[in-house]
Amino acid sequence: MGRTARAVLLIGAASLAGVFAFATAASAHVTITPNAATQGGYARVAFQVPDESDTLSTTKLQVFLPTDQPLASVLAMPVPGWTVTMATTKLATPIKTDDGDTVTEAVSQVTWTAASAATALKPGQFQEFPLSIGALPKADSMVFKALQTYSDNSVVRWIDQTVEGQPEPAHPAPVLKLSGDSASTAADSSPAPTGAPAVTVAKSTGSAGGALTVGIIGLVLGLIGAVLGGLAFSRTRRTT
């Protein structure tokens with residue numbers, strides 16, 4: 001194989017490695033899904049947590065609800081093999097529910113803890129931790145800071161603020177975007193549930209993942225074309 005062909009192959013391999021490394025880094029965040037809901041409504045959301053370690057398991061997730069945007073209703077869906085606890089804080093300004101009840105305390109923190117090493121989140125896996133929340137505030141967004149604890153007690157702090165127009169931080173906090181247009185969101189605007197929903201198997205969806213996949217496929221096909229072109233060019237030079 002000529003030097004030109006070898007160079008093309010090396011460039012292609014390096015580019016592919018960079019693409020897949022970027023794809024892994026881009027998806028390895030604690031995120032909230034769906035990431036959009038309706039102001040004033042109720043929503044079923046889930047915090048999607050990946051285990052980024054090669055050897056350690058995730059044993060705990062702590063999610064902090066913004067106290068300046070208190071929620072009158074916060075219900076946790078049971079996650080098999082995990083326990084869930086909630087901490088509340090006293091509100092400086094009480095809020096009222098849809099039924100007219102006055103709420104003086106609101107949930108400020110939700111903590112999921114693996115019941116044992118066997119049920120902890122293993123490397124190469126992800127888990128969803130669902131909540132039913134509402135009524136959602138009249139705001140553009142809600143930021144949910146989170147702490148992810150590994151089996152060696154190390155903590156990854158997903159608390160960085162994402163600023164529009166600037167590069168994404170290394171550990172962005174999950175953000176729920178809020179809109180007054182119910183037609184533009186996938187949130188459930190039905191009344192608050194009266195009890196915790198049954199345990200279900202949750203599947204994550206999202207346009208970002210699909211777009212990333214399409215982009216990767218296009219780049220891979222382009223690199224393959226470049227490699228074939230380089231080989232053809234090498235053969236042409238040898239023939240000449």
Checklist entry - With ring centroids as reference points, do Phe144 and Trp158 lie under 6.0 angstrom apart? => result no
Checklist outcome for this item: For Asn153 and Thr149 the tightest heavy-atom approach is CA-CG2, 4.1 Å
Item to check | hydrophobic_cluster_shared for Leu65 and Met86, side chain cutoff 4.5 Å | outcome: yes
Checklist entry - Quick one: are Gln48 and Phe126 in side-chain contact, heavy atoms under 4.5 Å? => result yes
Checklist entry - When you measure from the side chain of Ser57 to the backbone N and O of Ser151, does any donor-acceptor pair fall under 3.5 Å? => result no
Checklist outcome for this item: Shortest non-hydrogen pair, Ala146 vs Leu61, comes out as CB-CD1, 4.2 Å
Next on the checklist: Go through it in stages, so that I can follow the logic: the residues are Leu147 and Val156, the test is side chain to side chain contact (heavy atoms under 4.5 Å, CB included), and I'd like the CA-CA distance, side-chain angles, deciding distance and then a yes or no.
Outcome noted: CA-CA 6 Å; Leu147 302 181; Val156 179; over 6 Å; no
Next on the checklist: Between Asp99 (side chain only) and Asp101 (backbone N and O only), is there a donor and an acceptor less than 3.5 Å apart?
Outcome noted: no
Checklist entry - Hey, which of Val63, Thr58, Val49 is the one that makes side chain to side chain contact (heavy atoms under 4.5 Å, CB included) with Trp112? => result Val63
Item to check | Inter-residue atom distance Ile32.CD1 - Glu128.CD, 0.5 Å rounding | outcome: 11.0 Å
Item to check | Residue pair Val45 / Ile133, side-chain heavy-atom distance below 4.5 Å | outcome: yes
Item to check | Trace of the side-chain hydrogen bond (donor to acceptor under 3.5 Å, both in side chains) decision for His29 with Glu168 | outcome: CA-CA 11 Å; His29 291 339; Glu168 185 180 62; 3.0 Å; yes
Checklist entry - Are Ile159 and Val155 in one and the same hydrophobic cluster, where Ile, Leu, Val, Met, Phe, Trp and Tyr link if side-chain heavy atoms are under 4.5 Å apart? => result yes
Next on the checklist: Are Arg44 and Pro130 packed together at the side-chain level, in the sense that at least one heavy-atom pair is separated by less than 4.5 angstrom?
Outcome noted: yes
Item to check | Neighbour count above 12 (heavy atom, 6.0 Å) for Asp140 CG | outcome: no
Checklist entry - Is it the case that Lys60 and Thr113 place a side-chain donor and acceptor less than 3.5 Å from each other? => result no
Next on the checklist: Looking at Lys122, is its backbone amide N or carbonyl O close enough to the side chain of Gln125 to form a donor-acceptor pair, meaning the two atoms are under 3.5 Å apart?
Outcome noted: yes
Checklist outcome for this item: Shortest non-hydrogen pair, Lys138 vs Gly40, comes out as NZ-CA, 4.2 Å
Next on the checklist: So which atom in Ala135 and which in Leu71 form the shortest heavy-atom distance, rounded to 0.1 Å?
Outcome noted: O-CD2, 3.5 Å
Checklist entry - Do you know which two heavy atoms are closest between Ala139 and Gln39, and how far apart they sit? => result O-NE2, 2.8 Å
Checklist entry - Under a single-linkage definition using a 4.5 Å side-chain heavy-atom cutoff for Ile, Leu, Val, Met, Phe, Trp and Tyr, are Phe129 and Val74 assigned to the same hydrophobic cluster? => result yes
Checklist entry - Which one of Thr55, Leu56, Thr59 satisfies the side chain to side chain contact (heavy atoms under 4.5 Å, CB included) criterion with Tyr150? => result Leu56
Item to check | Contact summary for Leu176 and Ala36, nearest pair of heavy atoms | outcome: CD1-N, 3.6 Å
Checklist entry - Hey, does Ser53 have a side-chain heavy atom less than 4.5 Å from the side chain of Asp152? => result no
Item to check | Co-membership, hydrophobic cluster, residues Val84 and Trp82, 4.5 Å side-chain | outcome: yes
Item to check | Any donor-acceptor pair under 3.5 Å from Gln148 side chain to Pro50 backbone | outcome: yes
Checklist entry - Does a side-chain heavy-atom distance below 4.5 Å link Leu131 with Val110? => result yes
Checklist entry - Side-chain contact, heavy-atom cut-off 4.5 Å: Pro174 with Phe47? => result yes
Checklist entry - Is Ser141 close to Val175 at the side-chain level, that is, under 4.5 Å between some pair of heavy atoms? => result yes
Checklist entry - If we only count heavy atoms from C-beta on, is the Gln69 to Leu136 side-chain gap below 4.5 Å? => result no
Next on the checklist: Between Glu105 and Leu91, is the side chain to side chain contact (heavy atoms under 4.5 Å, CB included) condition met? List the steps.
Outcome noted: CA-CA 5 Å; Glu105 291 186 346; Leu91 300 178; 5.7 Å; no
